[in-house]
Amino acid sequence: MKNLVIVESPAKAKTIEGFLGKDFTVKSSFGHIRDLPSKQLSVDVENNYAPDYVIPKDKENVVKELRKLSKSAETVWLASDEDREGEAISWHLQEALGLTAEKTKRIVFHEITKSAILNAVENPRSINVDLVNAQQARRVLDRLVGYELSPVLWKKVKPNLSAGRVQSVAVRLIVEREREIEDFNAVSSFRVLAYFTVNGTEFRAELSKRFDDLKEAKAFLEKCNGADFSVSDLQKKPAKRTPAAPFTTSTLQQEASRKLGFSVSRTMRVAQDLYEQGKITYMRTDSVNLSDLALNTAKEEIGKLYGEEYSKTRKYSSKSKGAQEAHEAIRPTYMSVQKVDGDAAQKRLYDLIWKRTIASQMADAELERTTVTVGVSTSDLNFTAQGEVIKFDGFLKVYLEGTDDENEEQKGMLPDLSVGQQLKATKIEGIERFSLPPARYTEASLVRKLEELGIGRPSTYAPTISTIIARNYVVKESREGVERKYGYLALVDGAISEEVKTEIAGAEKSKLFPTDIGKVVTDFLVENFGEILNYNFTAQVEKEFDEIAEGQKEWTSMIDSFYKPFHETTVDTEKNSKKATGERLLGVDPDSGRNVYARLGRFGPMVQIGEADNEEKPKFSSLRAGQSMDDVTLEEALDLFKLPREIGEFEGEKLVIGVGKYGPYVRHNKSFVSIGDEDPLSITKETAIELIKQKREEAHKMIINEFQDGEEVIQVKIGRYGPYIAKGRNNYRIPKDVEANSLSLEDCKEIIEKQGDRPKRVSKRAKK
DNA sequence: CAGTGAGCGAGCTTCCGCTTGACTT
């Protein structure tokens with residue numbers, strides 16, 4: 001073999017191999033091939049921060065193969081991405097494969113086109129050690145922060161917690177937003193709207209002033225009664241709209257969330273599928289740049305589909321802070337492919353990417369914006385209305401970026417009007433409106449905020465969200481709003497009516513809420529490790545990484561000046577700070593006269609009666625799902641101690657209501673049945689029995705077939721992942737090509753036999 | 001799988017960024 005080319009992604013390897021011809025073998029490293037082992041710190045803080053890199057288990061085979069191939073190759077071309085991480089990947093490859101400088105060449109390209117790759121091969125260089133060192137600094141800093149902070153949390157808050165440069169700031173954003181919302185006081189005011197009809201077209205105008213209360217609004221409506229309305233001013237102004245830049249990872253996640261309702265991880269999964277099928281370019285990128293080839297084919301396509309006048313070639317440049325620009329923007333591989341085969345999600349996401357990319361290369365939309373002012377004969381106040389007419393649709397023909405602002409109103413067309421024209425108001429309304437608290441984060445808007453702060457990378461946005469949810473710092477939830485009353489006035493046909501209407505306020509769909517744990521951990525970290533929790537921390541260290549990359553700074557001395565004071569703080573905090581429990585005194589238990597607290601315990605949020613250092617031991621109870629340490633009342637806390645309770649007998653066995661790890665339940669003869677939304681304090685015996693019967697029926701429905709095999713029972717059942725065979729405590733997969741309904745006892749035994757002696761399924765508790 | 005929360009102490013947990021599959025009851 002003459003040439004071995006190593007890239008990061010296997011899909012990329014396949015494409016490039018086609019460009020390079022048969023003298024080149026192209027292989028993938030599947031990302032990083034060496035890393036710090038996760039079991040230990042693996043950074044020698046006594047010895048100039050020497051990192052201890054190892055080849056992880058799941059990369060052993062990759063490295064083995066690359067080592068073999070590189071031995072027989074004349075030249076090894078390291079073609080990982082041209083950013084900090086990519087440079088480090090090349091360096092680790094060189095080290096791990098034992099490559100000599102003579103036979104190794106480093107090449108880079110930003111777009112996967114034949115000319116870009118051939119050009120890269122013509123211009124090889126050697127590995128940029130400064131850039132590698134910047135990556136080592138990044139890696140070592142993250143390890144030191146994560147692996148020194150997390151153990152402090154285990155000691156001072158709760159085991160199994162984690163902290164890090166990225167995740168802890170993400171949680172802080174959510175915690176602080178929640179507190180802004182909690183502290184928010186809605187102010188109401190009266191908005192006045194007038195409806196006019198001209199030549200059969202109705203339009204709505206809003207009074208330039210809002211009134212503080214109903215009385216003022218009513219007084220104004222009384223003035224309007226019998227007044228004359230006329231157009232006092234009419235302004236027409238041309239305006240234009242410009243298309244959004246092509247997709248990056250972050251903007252794709254935001255648009256897929258707004259328009260398709262995809263979670264951040266779903267978007268990435270579907271995009272990965274499209275990428276592997278060669279339909280789109282790489283999906284983890286912070287670049288908005290399009291290759292010349294893409295610009296040209298987009299232009300061609302737009303001309304063909306919509307006409308030359310719709311085309312406008314635009315080059316975009318990134319403005320985001322940490323952008324490293326190793327790839328192109330996310331775009332269709334072939335601009336001429338308007339639709340793809342695949343499942344619905346793939347089709348929809350591709351459609352979004354195609355439209356966004358095409359629109360980014362289209363002409364501005366030209367509009368005419370009209371503002372009309374309507375005077376009132378009995379008042380100095382005016383009504384105004386805005387209308388918009390599209391003169392040339394331009395990119396709007398294809399695509400308009402979504403918005404997160406739920407209150408944005410669509411501007412429609414206004415009828416033809418002239419100054420001085422008399423108008424007749426068909427209706428004038430006074431509506432009480434409330435100011436809105438800041439919006440809670442969605443997954444996608446959190447990603448946007450993190451990107452804005454330069455925190456995290458395209459490959460980590462989705463995993464970061466998974467982590468903070470897995471640690472139970474944050475929950476993604478929908479919550480029902482509450483009914484709110486608002487005042488409403490209407491002036492119609494010379495009479496003013498007054499009403500109190502109701503609306504639903506504060507409803508949330510798939511938003512991120514902090515948990516009690518998230519709040520306690522954030523408060524603890526902000527108090528003790530303010531530097532790292534600072535929103536600018538990443539930006540600051542990034543600046544230093546850049547200096548290292550430019551050869552102006554030594555990476556170990558940068559780490560040293562960070563680590564020395566940081567380590568001292570961790571030691572000091574471990575020694576001197578009290579346990580962080582978020583304890584709150586709720587009041588006094590009337591039965592015992594002892595204090596009742598809400599606090600965070602080893603197993604999560606709980607309430608406690610009495611103190612630990614008292615003679616009488618304290619009593620404890622976990623909070624229930626939906627309850628929070630911040631707002632649980634004394635009464636609710638005392639209710640928690642009323643469980644478990646007996647509510648009667650059924651089939652000669654006791655019925656006991658309790659609340660466990662998986663929510664409220666009724667226990668009957670060793671079996672547990674979830675009671676769902678029923679209140680465990682008031683559920684009746686009849687309801688409980690009904691639920692038990694339902695559960696029995698459902699369990700019965702799961703059984704497709706049942707065989708007696710001597711002493712044992714073998715069942716064919718239908719579960720979440722399709723049909724399976726159950727014997728004793730063990731479950732067995734049914735091969736894909738087998739019809740579950742037609743399985744005989746012999747068939748089942750054969751399948752069980754084949755899958756063999758699997759380890760007996762044991763509960764986690766039993767293992768312990 | 002429906003408990004636990006004091007104290008004792010062993011042994012466990014943990015980061016961010018680069019990449020894909022294997023596997024699920």
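On a predicted model such as this, the values are computed, not experimentally measured, just so you know. A, B, ... follow the sequence lines: proteins, then strands. Residue 1 opens every chain. Heavy-atom basis, side chains included; hydrogens, waters and symmetry copies ignored.
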Q) Can you tell me how far CG of A:Asp546 sits from CG of A:Leu131, rounded to the nearest 0.5 angstrom? A) 9.5 Å

Q: May I ask you to evaluate whether A:Tyr665 reaches the phosphate of B:dG3, defined as a side-chain N or O under 4.0 Å from OP1 or OP2?
A: yes

Q: Report yes or no: do A:Glu611 and A:Tyr597 form a side-chain donor-acceptor pair below 3.5 Å?
A: yes

(Q) If you compare every side-chain N and O of A:Tyr461 against the phosphate oxygens of B:dG17 (OP1, OP2), does one of them come in below 4.0 Å? (A) no

Q.
Taking only side-chain N and O atoms of A:Ser9, does any of them lie within less than 4.0 angstrom of OP1 or OP2 on B:dT19?
A. no

Q.
Expressed as a whole number of angstroms, how long is the span from A:Gln608:CD to B:dT4:C1'?
A. 13 Å

**Q.** Euclidean distance, atom CD of residue A:Glu698 to atom C1' of B:dT25 [Å, nearest integer]
**A.** 17 Å

Q) 5'-most contact on DNA chain B: A:Arg602 or A:Ala11, nearest heavy atom basis? A) A:Arg602

Q) OP1, OP2 of B:dC18 versus side-chain N and O of A:Arg138: anything below 4.0 Å? A) no

Protein N or O to nucleotides 11-15 of chain B N or O, pairs below 3.5 Å:
from   : atom 1 : to       : atom 2 : distance (Å)
B:dT13 : OP1    : A:Lys39  : NZ     : 2.4
B:dT13 : O2     : A:Asn160 : N      : 2.7
B:dT13 : O2     : A:Asn160 : OD1    : 3.2
B:dT14 : O4     : A:Lys39  : O      : 3.3
B:dC15 : OP1    : A:Ser162 : OG     : 3.2
B:dC15 : OP1    : A:Gln167 : NE2    : 2.7
B:dC15 : OP1    : A:Arg471 : NH2    : 3.4
B:dC15 : O2     : A:Arg139 : NH1    : 3.0
B:dC15 : O2     : A:Arg143 : NE     : 3.3
B:dC15 : N3     : A:Arg139 : NH2    : 3.1
B:dC15 : N3     : A:Arg143 : NE     : 3.2
B:dC15 : N3     : A:Arg143 : NH2    : 3.0
B:dC15 : N4     : A:Arg143 : NH2    : 3.0

Q: Would you kindly say whether A:Tyr535 and A:Glu452 are connected by a side-chain donor-acceptor distance under 3.5 Å?
A: no

Q. Does the side chain of A:Asn534 come under 3.5 Å of the side chain of A:Glu531 through a donor N or O and an acceptor N or O?
A. no

